[in-house]
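What's counted below: heavy atoms across the whole structure, side chains too, no hydrogens, waters or symmetry copies. For clarity, every value in this text was computed on a predicted model and none was experimentally measured.
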Amino acid sequence: MEIIKLSPDDEIGCADAVAVDSAGWKVDCPEVLQHTPRSFANMLRYGWDLEPPEAYLARDDDGTAVGLLVVDIPQYDNTDKTWLDVKVHPDHRGRGIGSTLFEYGEKLTRDLGRTGVSFGGVDLPKAKAFAARHGLEQKSVEVNRRQELVGLDWDLVQRMYDESAAAASGYELLKLTGALPDDMLEGMVAVTASINDAPKDDLDVEDDVFSPERLRAYEEAQRKSDRTVYRVIARAKDTGELAGHTVVAVERERPHIGEQHDTAVSRDHRGHRLGALLKSAMLLWLREEEPALTQIDTWNAESNDHMISINEALNYHIVARFLDYQKYL
């Protein structure tokens, strides 16, 4: 078996990587949102915020793609760790390919001078057994939920908006697409950093470190990945202080797909139903701006009761549970 590092310009390699990934999901959890070759290549070019991962494709002696390793190498924070994702084509499981790829990722981690490995897997017995074999300890549970906009009770959304707007009468909402105005950058750094208050359970991770440069990098990466970023921002009427935001990105390749990238409210402004106001306002806006949009995916720690309660009120349903693991090398 040969393991090769993928380039985003390798169209055949990226298509083969997606084929391996999609075949695995078809067996393990077919509802999970999957890459296209184009979106996979863009991930390798730009990542989430110009911090792209590395990907390694395993091929059999006859050239058949049998496995995939994706290695996230954080640069802004948590620089002592990597995050590994391993996929094996269902037709080639049980041959030790996944273990070989995981150990390859461990070696890459050591070569970078890093000491920790994080790994995520769908909540299935075989994934738990794989983690145990490699000395990984479960640290948290994440849940992928999806909102189906077709058939959504829009009267419910409007009621949530009206009721939360009454509770948050001291705030106004700003709607923005694309890049933030320069005079909002510093305020949005603080708002974005509020996501660090979300539960991490037992994961040994540092808080995300945000800066104006990182927010700009996120905007550039999303734009170059051909996604439209929608932001709804809450601002206090009396002080002009930015209090919270919600962010949804809509793919242009597949405009029926949206992803919830963030929802956060600053500590000093909690207790005014701003989370519900922001989420419902975003939905009403997207209904006008993105008529082809049919689904929005979101991710939360299973212990994030507050945000989950808002999502459930908006008819999100569970797609999959994922277990997060860690180990030290």
Side-chain angles (χ1 to χ4, degrees), residues 33 39 42-43 46-51 76 142 144-147 149 157 160-161 164 168 171-198 207-235 241-252 254-266 269-270 273-290 293 295-301 304 306-308 310-311 314 316:
L33 181 62
S39 71
N42 281 335
M43 178 187 72
Y46 311 117
W48 176 269
D49 48 14
L50 301 185
E51 188 185 81
Y76 295 107
E142 289 186 271
N144 173 203
R145 286 178 170 82
R146 178 170 300 153
Q147 184 179 49
L149 299 186
V157 177
M160 177 180 284
Y161 174 82
S164 54
Y171 297 86
E172 61 182 347
L173 297 183
L174 310 175
K175 298 177 182 177
L176 300 172
T177 57
L180 289 163
D182 288 340
D183 61 0
M184 292 180 65
L185 265 179
E186 288 292 344
M188 284 307 300
V189 167
V191 169
T192 307
S194 299
I195 197 65
N196 287 316
D197 291 339
D207 284 349
D208 291 330
V209 176
F210 295 100
S211 64
E213 293 75 22
R214 190 173 187 179
L215 294 192
R216 288 294 189 224
Y218 163 77
E219 292 170 345
E220 182 178 350
Q222 298 304 311
R223 175 178 57 80
K224 288 182 174 179
S225 297
D226 205 19
R227 300 188 184 103
T228 301
V229 173
Y230 290 87
R231 284 186 176 97
V232 180
I233 301 168
R235 181 168 64 189
E241 185 176 22
L242 302 182
H245 75 152
T246 190
V247 184
V248 171
V250 178
E251 295 188 17
R252 298 276 59 95
R254 300 178 291 183
H256 65 288
I257 292 174
E259 290 187 74
Q260 181 80 61
H261 281 188
D262 196 6
T263 300
V265 176
S266 299
H269 297 278
R270 293 170 188 167
R273 297 199 61 189
L274 284 177
L277 177 63
L278 289 163
K279 296 271 285 190
S280 56
M282 175 65 82
L283 282 172
L284 293 170
W285 186 26
L286 289 173
R287 187 186 189 187
E288 298 174 359
E289 298 294 325
E290 294 286 349
L293 186 66
Q295 68 182 59
I296 300 175
D297 274 30
T298 189
W299 294 77
N300 301 104
N304 192 347
H306 177 68
M307 190 54 64
I308 288 171
I310 295 175
N311 289 336
L314 291 168
Y316 278 82

- Task: In sequence, state the C-alpha distance, the side-chain angles, and the governing distance for Ile296 and Tyr316, and then conclude on side chain to side chain contact (heavy atoms under 4.5 Å, CB included).
- Result: CA-CA 9 Å; Ile296 300 175; Tyr316 278 82; 3.8 Å; yes

- Would you sort out whether Leu283 and Gln147 count as a side chain to side chain contact (heavy atoms under 4.5 Å, CB included), showing the intermediate values? CA-CA 10 Å; Leu283 282 172; Gln147 184 179 49; 3.1 Å; yes

- Are Arg270 and Ser194 close enough, and set up right, to give a side chain to side chain contact (heavy atoms under 4.5 Å, CB included), and what steps lead you there? CA-CA 11 Å; Arg270 293 170 188 167; Ser194 299; 4.1 Å; yes

Could you give the side-chain donor-acceptor pairs of residues 182-192 under 3.5 Å, partners two or more places apart or in another chain?
from, atom 1, to, atom 2, distance (Å)
Asp182, OD1, Arg216, NH2, 2.5
Thr192, OG1, Met188, O, 2.7

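By the 4.5 Å heavy-atom criterion applied to side chains, Trp285 and Val248 are not counted as neighbours. The shortest distance between side-chain heavy atoms of Leu278 and Leu173 falls below 4.5 Å. Taking the side chain as every heavy atom from C-beta outward, Gln295 and Arg254 never approach each other to under 4.5 Å. Contact of the Pro255 side chain with the Thr228 side chain is not registered, since no non-hydrogen atoms from C-beta on lie closer than 4.5 Å. The shortest side-chain heavy-atom distance between Asp262 and His245 falls under the 4.5 Å cut-off.
Arg227 and Ala249 get closest at one heavy-atom pair: CD-CB, 4.1 Å. The shortest heavy-atom contact between Asp49 and Ala217 is O-CB, 3.4 Å. Listed here is the closest heavy atom pair of Ile310 and Gly275: CD1-C, 3.9 Å. Minimum interatomic distance between Ala221 and Ser225 (heavy atoms only, all atoms of both residues): O-OG, 2.8 Å. Residues Arg146 and Leu33 approach most closely at NH2-N, 3.6 Å, considering heavy atoms. Pairing each heavy atom of Ala243 with each of His269, the nearest pair is CB-CG, 3.4 Å.
For the atom pair CG (Asp297) and CD (Gln260), the distance works out to 10.5 Å, reported to the nearest 0.5 Å. For the atom pair OG1 of Thr263 and CG of Leu274, the computed distance is 11.5 Å after rounding to the nearest 0.5 Å. The distance from atom OG of Ser164 to atom NZ of Lys279, rounded to the nearest 0.5 Å, is 12.5 Å. The CD atom of Glu51 lies 14.5 Å from the OH atom of Tyr218; values are rounded to the nearest 0.5 Å. Atom OG1 in Thr298 sits 8.5 Å away from atom CZ in Arg145 (nearest 0.5 Å). With rounding to the nearest 0.5 angstrom, the CG atom of Leu314 is 10.5 Å from the CG atom of Leu149.
With hydrogens and angles ignored, the 3.5 Å screen pairs a side-chain donor or acceptor of Asn196 with a backbone N or O of Asp208. At least one donor-acceptor pair closer than 3.5 Å links the side chain of Arg214 to the backbone N or O of Val209. Side chain of Arg273 to main chain of Tyr161: no donor-acceptor pair is present (N/O by atom type, distance under 3.5 Å, no hydrogens or angles). A distance-only check finds no donor-acceptor pair linking the side chain of Glu241 to the backbone of Arg235 [under 3.5 Å].
Using the six-membered ring where Trp is involved, His261 and Trp48 have ring planes that are tilted, between 30° and 60° apart.
Here Arg252 does not pair with Asp226 in a salt bridge; the nearest charged N to carboxylate O distance is not below 4.0 Å. Taking the charged nitrogens against the carboxylate oxygens, Glu220 and Lys224 do have a contact shorter than 4.0 Å, which makes a salt bridge.
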